[in-house]
Amino acid sequence: MIGHNPPPSHQSNTTATRHQLTHNQLVNFLRFEIDKAETSATAVLIMKLRRAKRLDAIIGDTSTQSINHYTDQLLDNLLRDADRYAHFSDEEICLVLPDLANNAQSILAAIKILSELHKSFIADDYPVMLRPHIGIANFPELGRDAGQLLMYADIASDIAATNEQGYHVYQPEDRIKTETYSGLDIELGKAIKANELHVHYQPQINIQTGRCVSMEALIRWTAPGQRVINPATLIDIAEKTGLINTLTLWILNTALRHTATFLKMSIDVGISVNLPPKMLKDKELPQIVQQALDIWGVPASHLTLEITESLVIDDYESSLTMLSRLRELGIRLSIDDFGTGYSSLAYLKRFPVQELKIDILFIRNIHNSREDKNLVRTIIDLAKNFNLTTIAEGVEDQETFDLLRDLGCDLVQGFLYSRALSDTDFINWYRQHTLALHVISLDASITPKS
Ligand code: C2E
Ligand code: CA
Ligand code: CA
């Protein structure tokens with residue numbers, strides 16, 4: 001169903017391609033296909049293009065227009081005559097593939113598009129890498145409502161963002177999931193009050209010494225009926241329902257309370273707490289953080305706040321003011337999910353941050369992808385130039401650890417060492433880990449050097 005034409009050249013003209021429609025036209029096209037007397041399988045695909053924008057910071061800036069131009073040419077070459085698509089936003093493309101012989105064809109189409117878009121290309125004379133993922137909703141299985149189909153494809157694309165293959169076909173269970181979430185806002189409010197939430201801790205390891213030097217606080221919630229809610233979803237619900245400030249305050253205080261306990265037990269670790277985007281807008285945040293540190297008696301230098309890139313960029317000047325005020329407290333600041341957002345070198349220079357946290361997206365395939373390895377290397381080198389600590393998240397095996405050490409990364413976090421643990425499990429883990437290190441170093445000191 002998809003042609004095998006060569007990828008388009010980025011130098012061709014910039015007019016809309018023969019498959020491209022406006023947003024409204026595409027929705028009408030979908031309605032038309034659905035309403036046709038003879039029902040044939042049609043797929044709605046929502047493709048989100050995550051750009052590995054980090055390269056822009058280092059190498060140069062590529063305009064959205066050039067990237068769109070490239071994707072337009074590529075789709076024009078890949079799509080069948082009957083297929084149509086529209087840009088829903090700079091990073092979101094919706095495709096409608098009508099008259100399919102069967103629904104499996106929509107998966108083939110997605111795989112083909114993904115594999116072409118994964119190849120790095122040159123735009124505005126600079127290399128660009130895209131990280132696309134695709135959600136698929138199939139007609140007629142999912143009903144005749146165009147709006148619903150688009151929504152299902154959108155939900156599927158969010159699921160696709162977190163899976164290995166980069167695409168996901170919407171299943172009725174996915175809807176059950178989304179429906180289950182709909183009542184959760186009320187339950188979340190109750191859960192915060194009823195102490196049903198827990199903060200778990202994932203060790204962060206110094207790559208040179210192997211010592212656990214800090215930990216990241218990660219929220220865990222098992223909702224009534226033993227439903228384990230995905231933390232990212234939980235944060236999302238909290239943000240949408242206005243509970244995020246209360247929740248973050250609770251997480252911060254819980255994390256500092258446990259850290260204080262650990263410090264008293266001679267478990268000398270720092271604590272990283274995720275700061276959701278909206279919190280930076282709260283003018284009282286510095287006082288809140290200071291109070292929490294005072295209450296639990298944790299030195300400011302032990303606390304790191306992790307902030308996502310997007311947040312910093314949204315409102316540059318006021319973010320800068322807030323970050324500077326936080327920094328004045330003596331705490332550390334880390335840019336989370338580094339590499340997935342839009343910040344550039346200019347931001348890094350001006351922001352009072354101490355750490356870059358390289359996103360799992362780049363770590364996961366570091367062994368198989370030369371691009372990912374180069375990108376991680378570039379981030380680490382860049383960080384060194386700015387005197388920033390680098391931490392890699394999602395380190396699952398020794399090979400990745402060794403490679404990161406060779407690249408000069410400072411810290412690692414991931415399943416290779418441990419998942420996030422409850423406070424009591426963390427204490428046990430820490431002791432065993434420290435003991436094992438001690439034994440290794442004893443071994444090394446008694447082994448005669450050759
Ligand atoms: P994040 O801040 O990037 O957190 C890292 C996520 O990667 C965690 O997922 C962690 O469990 C997971 N992870 C760590 N090591 C590995 C590994 O080796 N392999 C794999 N596959 N995954 C690993 P988690 O706990 O599900 O959290 C997901 C996201 O939810 C977090 O991403 C963060 O954005 C948000 N979140 C979690 N807890 C909190 C919180 O307390 N406050 C806020 N504001 N956000 C939170
Ligand atoms: Ca984080
Ligand atoms: Ca991440």
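Numbers for residues simply follow the sequence, beginning at 1.
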Taking it one step at a time, do R419 and D425 satisfy salt bridge (Lys or Arg N to Asp or Glu O under 4.0 Å)?
-> CA-CA 11 Å; R419 290 170 185 263; D425 287 347; over 6 Å; no

Would the number of heavy atoms belonging to other residues, nucleotides or ligands and lying under 6.0 Å from CZ of R370 be above 12?
-> no

Aromatic ring proximity, centroids under 6.0 angstrom, H23 and F88 | yes

Going through the checks in order, is the salt bridge (Lys or Arg N to Asp or Glu O under 4.0 Å) test met by D83 and R80?
-> CA-CA 5 Å; D83 301 336; R80 301 166 311 159; 2.5 Å; yes

Between the side chain of D372 and the main-chain N/O of N368, is any donor-acceptor distance below 3.5 Å?
-> no

Measure from the side-chain N and O atoms of Q208 to the backbone N and O of N206, and report whether any donor-acceptor pair falls under 3.5 Å.
-> no

Quick one: are I391 and D410 in side-chain contact, heavy atoms under 4.5 Å?
-> no

Compute whether any side-chain donor of one residue and acceptor of the other, for T308 and D336, lie under 3.5 angstrom apart.
-> no

Does a salt bridge link R18 with D76, judged by any charged N lying under 4.0 Å from a carboxylate O?
-> yes

Is it true that atom NZ of K283 has more than 12 heavy atoms of other residues, nucleotides or ligands lying nearer than 6.0 Å?
-> no

Among E216, Q413, E393, the one residue meeting side chain to side chain donor-acceptor pair (under 3.5 Å) with Q202 | Q413

Ignoring hydrogens and geometry, is there a side-chain-to-backbone donor-acceptor pair from T400 to E396 under 3.5 Å?
-> no

Check: F139 and V44 side chains under 4.5 Å, non-hydrogen atoms | no

Answer whether the closest heavy-atom distance between the side chains of Q398 and L416 falls below 4.5 Å.
-> yes

Could you check if a side-chain atom of M215 sits within less than 4.5 angstrom of a side-chain atom of F426, using non-hydrogen atoms only?
-> yes

Begin from the C-alpha positions of N138 and S106 and carry the test side chain to side chain donor-acceptor pair (under 3.5 Å) through to its verdict.
-> CA-CA 8 Å; N138 285 320; S106 59; 3.3 Å; yes

Does the side chain of W250 reach to within under 4.5 Å of the side chain of I219, using non-hydrogen atoms?
-> yes

Taking side chain as C-beta onward, heavy atoms only, is R131 less than 4.5 Å from K48?
-> no

Answer whether the closest heavy-atom distance between the side chains of L356 and I379 falls below 4.5 Å.
-> yes

Show the numbers, then the answer: is there a salt bridge (Lys or Arg N to Asp or Glu O under 4.0 Å) between E33 and K36?
-> CA-CA 5 Å; E33 289 300 325; K36 274 200 309 210; 2.7 Å; yes

Step by step, would you call R364 with D359 a salt bridge (Lys or Arg N to Asp or Glu O under 4.0 Å)?
-> CA-CA 9 Å; R364 198 187 281 148; D359 195 63; over 6 Å; no

Using a cut-off of 6.0 Å, state whether more than 12 heavy atoms not belonging to E284 lie near its atom CD.
-> no

